[in-house]
Amino acid sequence: MKTFDLNEIHQLEHIYKINLINSVTGVKSANLIGSISNSGMVNVAVFSSVVHMGSAPPLLGMLFRPTTVARNTYDNIKDNGYYTLNHIHQHNIADAHHTSAKYPFDVNEFEMTELEEEYKPGCAIPFVAGSPVQLLMKYKNEYPIKENGTILLVGEIQKLYVQEDLIHSDGFVDLAKANVVGINGLDGYVKTTLIERLPYQRPKEYTASNS
Ligand SMILES: Cc1cc2nc3c(=O)[nH]c(=O)nc-3n(C[C@H](O)[C@H](O)[C@H](O)COP(=O)(O)O)c2cc1C
């Protein structure tokens, strides 16, 4: 096995280091975050740091890079408190990836790609059309991560739109069936394949070693 100790990690060339460390977390979810400023400027950007935080209430976390430079998605969420989360379909990976380009505030990334805005009745926040899983999220709170200046933003699911044939009778959403992709590192998009669903696990019969 190739081994890196912390000191060696610090010394690595920048791009090598970010690729290495972004890959070792494992495959992450691939999301397009749609948002709009109070002045009506639409934004969409790719985010992979979405984590499940709990089902009741239904909370998702998302990590923002330090706001030392303009972060349009973060600013829009702080403006009006809402955003959408849209899973990335295999057919959209090039356009989805392009949304990571640093466009200024007054450029709508939907217009720079083939991605299409979708508006649900009574909702001004943009969704990504054709995405098989779309969520309307509400800002709840944020927590500064002192160690590196990032921000953990906590949002609550307000509305959930799921392509109907993906939902099993017990509520499980089969993302692989929808050709939703995952992200390996910062630029590796992977297909998903459902291997098997396994039943709820209970401890086996065992004898405690210290009894
Ligand atoms: C695959 C991928 C995943 C990303 N995930 C995140 C993330 O989780 N958090 C983050 O702050 N930036 C992430 N980025 C960077 C943003 O997409 C990038 O900063 C983008 O310009 C943000 O757009 P905005 O300024 O319009 O919000 C990611 C970029 C890529 C290519």
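Atoms within a ligand are numbered from 1 in the order they appear, just like the ligands themselves.
- Of all heavy-atom pairs between Q11 and N7, the closest is CG-O, 2.9 Å.
- Of the heavy atoms in A45, only side-chain atoms (C-beta onward) come closer than 4.0 Å to ligand 1.
- Side chain of K138 to backbone of G155: no donor-acceptor contact under 3.5 angstrom is found.
- Aromatic ring orientation, F4 versus Y16: tilted (interplanar angle from 30° to 60°).
- Proximity of A101 to ligand 1 is established by a heavy-atom distance of less than 4.0 Å.
- In terms of polar-atom proximity, defined here as any N/O pair under 3.5 Å, L63 does make such a contact with ligand 1.
- Remark: Y161 OH to T84 OG1 distance equals 10.5 Å, nearest 0.5 Å.
- In this structure, R197 forms a cation-pi arrangement with F172, its terminal cationic atom sitting closer than 6.0 Å to the ring centre and no more than 45° off the ring axis.
- Around atom 19 (O) of ligand 1, the closest heavy atom drawn from R71, K102, H97 belongs to R71.
- In this structure, of Y103, F47, F105, the residue bringing a heavy atom nearest to atom 7 (C) of ligand 1 is F47.
- Note: M53 CE to E156 CD = 12.5 Å, rounded to the nearest 0.5 Å.
- Counting heavy atoms closer than 4.0 Å to ligand 1, residue I183 contributes side-chain atoms (C-beta onward) but none from N, CA, C or O.
- Annotation: atom 1 (C) of ligand 1 to nearest protein heavy atom, L186 O, 3.2 Å.
- With respect to atom 3 (C) of ligand 1, the closest heavy atom belonging to the protein is S48 OG, 3.5 Å.
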